[in-house]
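The next block holds one structure in the form of structure tokens; read it before the comments.
Just so it is clear: chains get the letters A, B, ... in the order the sequence lines come, proteins before strands, and each one is counted from 1. Keep in mind the model is a prediction, meaning the values are calculated, not measured.
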Amino acid sequence: MNLTFALIAFLILASAVLAATRRDLIHSALLLVGNWLGVAFFYLWAGAEFVAFAQALVYVGAISMVVLFAVLLTRRMRTELPLLVATRDRVVSAVLGGAAVFGVLAVAVLRTPLDTNPAKPAGSVSMLSLGQQLMGPQAAAVLIVGVLLTVSLLGAVVLASSDADGKEGAP
Amino acid sequence: MNMLQACLLLSSALFCIGLVTALSRSNTILVLLGIEIMLNAANLNFIAFWRFSPAGSAPATGVIFVLFSIAVAAAEAAVWLALVIALYRHQQNIRLQEATRLKG
Amino acid sequence: MNLSASSLWLIPALPLLAAAIGALTPRGGRSLASGAAIIAMVGALGLSVAALGTALAHPAAHLTDNFTWFSIGTDAVRLGWLLDPLTAFMAVMVSFVGLLIFIFSLGYMKEDANFTRFFCFLSLFAAAMLGVLVANSLLLVFVCWELVGLASYLLIGFWFHKPSAAAAAKKAFITTRIGDLGLLLGMLWLYHVRGTLLFYDGGNGVLEPSSLALLSHGKIAGGIALSTAIGLLIFCGAIGKSGQFPLHVWLPDAMEGPTPVSALIHAATMVAAGVFLIARVYPLMLADQHLANVSVHALTVVAGIGAITALLGAAIAVGQNDIKRVLAFSTVSQLGYMMLALGVGSWVAAIFHLLTHAFFKALLFLGAGSVIHAAHHEQDMRRLGGLGRRMKITFATFAVGMMALAGVPFLFSGFWSKEGILHAAHAWPVSQLPLIAGLIAVVLTAFYMTRLVAEVFLGSPRSDAASHAHENSPVMTVPLVILAIGAVLLGLIGTPAWPWLQSNLGGVVVPAESIFEGPGLMVLSIVLVCLGLGVGWALYGWRKRRDAFAPDPLAVAMPGVFAALAAKLGFDEFYALTFGRLNQLLAVVADGLDRWVWGGIISGVAWMGEALGTFDREMDESGLNGGFDAASEKLRGVGNAYSRAQTGEAHGYLRTLAVAFVVLALLLLLGGVL
Amino acid sequence: MPLLSFIVFAPWVGAGLLAVLRGAKPAVARGIALAFSLSTLVLGLVVLAGFNPAAPGFQFQESAAWITSLNVHYHLGLDGLSLLLVLLTGIVGPAGLLAAWKQPGSPRAFGILFLILQGSALGVFLALDFFHWFLFWELSLVPVFFLIKLWGGAGAGRAAYQFVIYTLGGSVFMLLGFAAIFAATGTLEFGQLAHLSADGILAGRLSALGHFWPQVVFVGVFLGVAVKVPLFPFHTWLPPAYAEAPVGVSMFLTGVMSKMGVYAFLRILWPIFPGQLHAAAPCLLWLALGGVVLGAFAAMRQTDLKRMIAYSSINHVSYCLLALFAVCAATGHSGISGPAVTAALGGALLQMFNHGLSAAALFFSVGVLESRAGGRRGLDDFGGVRSAAPVFAGLCGIAMFSSIGLPGLNGFVGEFLIFRGVFGLVPWAAAIGCLGLFATAFFYLTFWQRVFHGSRSGAAKGEFADVHGVERVTLIPLIALMIVLGVLPQLLTGLFNPLVTSWVSQIALP
């Protein structure tokens, strides 16, 4: 345990918890940005600089914008309705479920004898070797991801514009 | 408890927060944000295992996997934005519990 | 006047050019089309006479001019022009008779709306026929031969709005095409064996000695020499075109065309082509004569077919009531004579008869045309009568033609040419049957021609048309007079006393003895002619027919025979019943094969696919589904329960997932796996 | 300059242009389609000018590596045979478009489909590598399907499906056959395959896969080609397809597309599988004779004029196959007659061109009749048309007599040479084939007599205009060409004489 890790962990968890509990969507979204930044710091701390930049770029830069768009486009729902009885039940059951999952996971993590070598941490990957990996052995995957991006983009466009004339879709 | 386990616990906690968010909130956007959190938790695991795995195993696989995961997340985000908008068009709100038309 | 072989092509080219002009002239340009046609014929006649001069200057020579039509691979398909006395005499005859018929047509077709088209077709007809004459290649002969067929098709069906004319045209084309297929096969065979179709090519032609020796040495199955087989196949073409038995059926129907066309077909062009072709390839037909160990000689078949045709045609002519049909069957009969002459070895006699026949038959047809024109297209001789007083020139010229055809002695050309044939038949060592057939036909010919003249020109008119008939204009009568003069004079150049034509045709001097063996046969044939004339006069001339409905005296005397003859011995019906049926049957079979067998296999395969699908579905539904249905009825309750779990609530699903995960992980943890 | 690529792709460029010009007026669309269709003729004449008629091999070759991993080359080349067919396409294509000039429906869509079809056909005639050859071959089906289905008559849908399924079915076998060849040899280049076949390597390699493979592959490729030609009895798709297609398309189908099959026989099947063809020839001769004789007799029974001409098309194309199979049957015999082989092959090539002309003209004539009679085209729907429309009757009559094989018109030379060759190789086949000649004359004259002769009746009873305007422009060049080629066949034979000679020299090898 070192201090940096503790700080990062705190940032991540605190922002996540706050985001999960805020009423105002905008606040939640902004807190989540903090959460994602924390994750990026974690990557940086772990020596994966490139991933950290990617995380910052994609999540902080792009997905947060998407979230904001979504919020603004559906702004009648900026704040949630008051808690109803049924909703409160759900919150309780959710917290219970989450706790159970965490318990199980924590037990599993702690009970597992993980063979690690913290004394000799794997050296950080250079950009060059990463690029060579991506363009070499992983080229197929890169291509597939490219296709996936394209397809999902198209799909998104289709979904969003499916009934642009405002007509009701299928009943 | 070594460093790896700490990292794994962190990611477990983050995952559960995400799960609770997704389960408890009725706003579709927030549900999806919860899912994003869970995704990030999974990514944390990759990096942790990569960072603390014994030297000599696959050099950069974890990093590359996370990169792809981020890319997929970006794609996913685009799709869910569209979904949210479509949902909003259909029912004039984005409460997830009301989107039950496809029930059996 | 001389004309070399290399400019021989001008003879058919001139009428062809006229035909092209006629084809491109609009309907109004009557004088242009007819003028071009007649000028072209005059030109062709002039060139033919010039060619005759050249040919007579080089007796026994075959002047040729060969050229390459096109090349295929390394082979060249060669054609050529040929000038010899046979070509020259025939060309002069065709262009002269043709010219007279053209002139006659000016008057005859005056009122027709398609006047220009008529002259176009006539010119094409003449061009094609002249092409047959000047060709030095069997292929070129075939090309022109088919064009003759086309022209005859167009002309016989000239009044195409009449269904009978359209049918007759088709019949003529199809019937002659059957013969032409034989010719085609013979030609292919010859081409295959010899590699050329040129008749004369400086020693390499198919009719030259080296080739003939090769052809007569080859044997095919059944002891038939190669040359015999090829010769007989070529003869098939002649059978079709010259209206020989058994393909003579188209010739009488061809009367549906305008009368000048009948004259052209029957006298100068189409039917003469067959006789000419055999005369042209005569060396080939003769090639097997010296062979002893063959089962059949080509010429024997020719003689047999000729004898049958001569007899048959003359007999059927007796029973006809239509002027043109009588003349048509007389043509069949006379062509039989020519074939007979060819068969018994005297092609010179055949060509002599062909030339004289061309004149008097053209004369007779044009005379008949003159009658028909005057009598407003009344052709039934029972409804004519008494025209001799009204149409004196026509009557006189027609009588000349009739006597020439009947073979009235000494003065008329037909007598001399027919005598030549009878003498040749008598001298034939193989059999005397052709002679007997020929002699019987002599009687019949004299008889039916007497009948024709008596019915048409003597007695009293038996219809309005006949009683109002009057002589035609000079444009129609002058050709008649010229032809009548020709019909008389032409005989003089081929008499035994001065066999000029015979000597010049063959290129060797013919001594009189070889065509005239003494007066015995001649006396016999004169007696027979007189017998025919006498019986005819007794039956038709002495007691004149009273009205159109009086029965024919012959029909009274021998009703069965007359009915059979009037029905043309039932050839048409017989062919319709056999070959027509066969043709139909083949068509039905071919169509049925397509519709039912091949189509059936296809739809069978489709049906099988469908059946398989049905079977599969049935199996699924009754067999498998039956069991499944029962099972699934029970499962349905479970399914309903499951479906209730499908709330559509995303939260619920996610929660279930989480709980399930916890349970699973707990199980694993407790189980000690993790 | 890649002249051959221009020839192939110019029609496609035209199709693309039409596709882009969405708002083009009908007249403009027709004009563009016609212009690009005529490009084939123009470029064909340019090629003709630069063509060396004395050389037997391929000229104007273009070759470029395309898919190196599959050893596929983009390879175009032209010899006398291809040139003949390119010129034919250049004549029949525009004529087909002109025949559709006044047709209802969108001329733009028709033009696009027609030009795609024309380009594919040209590709088939010029490609020398199986890969893109097959692409062109199959691609031609698509526009035909839509042309028949969208512009055809009452039974068009069924006819179009039948056509496509039938030919596609044949092609599948061909594709499988070539897949096996590729697996065995690693090349799809026609020239190389022919060499391999001549050296006996191909058969050896295929046998290595299994002793029955050479036969299986042959049958597969054969089926694909036989359906396309079509060889009797694979012809049942043809009458409905030709009859239901709009006239312009029928013209193209019979004029060009049936030649694709014969072309494939000559370019692919014959050089690559000479041994198997020789072994199968006695049987194939009967099939070709079946097409010649039964095709003609079946035509006699048809009352639909287009079906009648469709059957006559089967008859005429079968003559080409008859010649080819006779050559195959005689190959290897010691006494084989060189001139006969020359005549048979040359005649088959001439016949391809001549039949294309005359059948296209006849379909066009039926189209004229159909347009006057409001879509009726039965044998009994007309009568005495010659009185009403003498010029039309004359032109149609010339086309008909050309098809009958009258000397002086183009049809005769090809048929004479075919019969001359077949007689020299397999005499009995020529004798039986003569029956087809007879039957052809019979049904054509019946057609002529019923429709043109007699008194005016049926559709010809009332107003019946003679050919005019566009119709004359279409028909008269075709007819003029028939006469010219009938008198001067050297114009065509000069193009392919060296080719035929080289074929013959290859056969003559013991």
Quiz prompt | Among His235(D), Gln302(D), Arg301(D), residue most engaged with chain C (heavy-atom pairs, under 4.5 Å) | solution = Arg301(D)

Practice problem: Write out, in numerical order, the residues from residues 147-155 of chain C with a heavy atom short of 4.5 Å from a heavy atom in chain D. | Solution: Leu147(C), Leu150(C), Tyr153(C)

Quiz item: What residue among Val413(D), Leu488(D), Thr493(D) forms side-chain contact (heavy atoms from CB on, under 4.5 Å) with Trp69(C)?
Solution: Val413(D)

Exercise. Hey, could you give me the NZ/CD distance between Lys171(C) and Gln449(D), rounded to the nearest 0.5 Å?
Key: 12.0 Å

Self-check item: cation_pi(Lys170(C), Phe442(D)) dist<6.0 Å, angle<=45
Solution: yes

Quiz prompt | chain D contact via Ala167(C) - side chain, backbone, both or neither, heavy atoms under 4.5 Å | solution = both

Quiz item: In terms of heavy-atom pairs under 4.5 Å with chain C, which of Leu492(D), Leu491(D), Thr342(D), Leu499(D) leads?
Solution: Thr342(D)

Quiz prompt | Interface moiety of Tyr311(D) toward chain C, non-hydrogen atoms closer than 4.5 Å | solution = side chain

Quiz prompt | Which atoms of Trp448(D) approach chain C - backbone, side chain, both or neither, heavy atom under 4.5 Å | solution = side chain

Exercise. Counting only heavy atoms closer than 4.5 Å, note whether Leu197(C) contacts chain D via side chain, backbone, both or neither.
Key: side chain

Self-check item: Exercise: identify the closest heavy-atom pair between Gln490(D) and Ser71(C)
Solution: OE1-N, 2.6 Å

Self-check item: Parallel, tilted or perpendicular: rings of His192(C) and Phe423(D) (30°, 60°)
Solution: perpendicular

Quiz prompt | Contacts with chain D made by residues 116-129 of chain C (heavy-atom distance under 4.5 Å), listed by residue number | solution = Phe121(C)

Practice problem: Would you name the heavy atoms of Phe452(D) and Phe160(C) that are closest together and state the gap between them? | Solution: O-CD1, 4.1 Å

Quiz item: For chain C, which residues of residues 382-391 of chain D have at least one non-hydrogen atom nearer than 4.5 Å to it?
Solution: Arg386(D), Ser387(D), Pro390(D)

Quiz item: For chain C, which of Val293(D), Val341(D), Leu445(D), Leu350(D) has the most heavy-atom pairs under 4.5 Å?
Solution: Leu445(D)

Self-check item: For chain C, the option from Leu349(D), Thr446(D), Val500(D) that forms the most heavy-atom pairs under 4.5 Å
Solution: Thr446(D)

Practice problem: Output the option from Phe443(D), Phe297(D), Tyr166(D) having the highest count of non-hydrogen pairs under 4.5 Å with chain C. | Solution: Phe297(D)

Self-check item: Closest approach of Asn497(D) to Ile72(C) (non-hydrogen atoms, all atoms of both residues)
Solution: OD1-CA, 3.2 Å

Quiz item: From Phe173(C) CZ over to Phe401(D) CZ, what is the distance, rounded to the nearest 0.5 angstrom?
Solution: 4.5 Å

Practice problem: May I ask you to name which of Thr68(C), Leu139(C), Asn114(C), Val193(C) has the most heavy-atom pairs under 4.5 Å with chain D? | Solution: Leu139(C)

Exercise. Verify the neighbour count for atom CZ of Phe438(D): are there more than 12 heavy atoms of other residues, nucleotides or ligands below 6.0 Å?
Key: yes

Quiz item: What part of Thr236(D) gets closer than 4.5 Å to chain C, counting heavy atoms only: side chain, backbone, both or neither?
Solution: side chain

Quiz item: Given the options Leu435(D), Leu417(D), Val422(D), which has more heavy-atom pairs under 4.5 Å with chain C than any of the others?
Solution: Leu417(D)

Exercise. Check each atom of Trp189(C) against the heavy atoms of chain D and say whether the ones under 4.5 Å are side chain, backbone, both or neither.
Key: both

Quiz prompt | Proximity of residues 174-188 of chain C to chain D, residues having a non-hydrogen atom under 4.5 angstrom | solution = Ile174(C), Arg177(C), Ile178(C), Leu181(C), Leu184(C), Leu185(C), Met187(C), Leu188(C)

Quiz item: Does CZ belonging to Arg158(D) count more than 12 external heavy atoms closer than 6.0 Å?
Solution: no

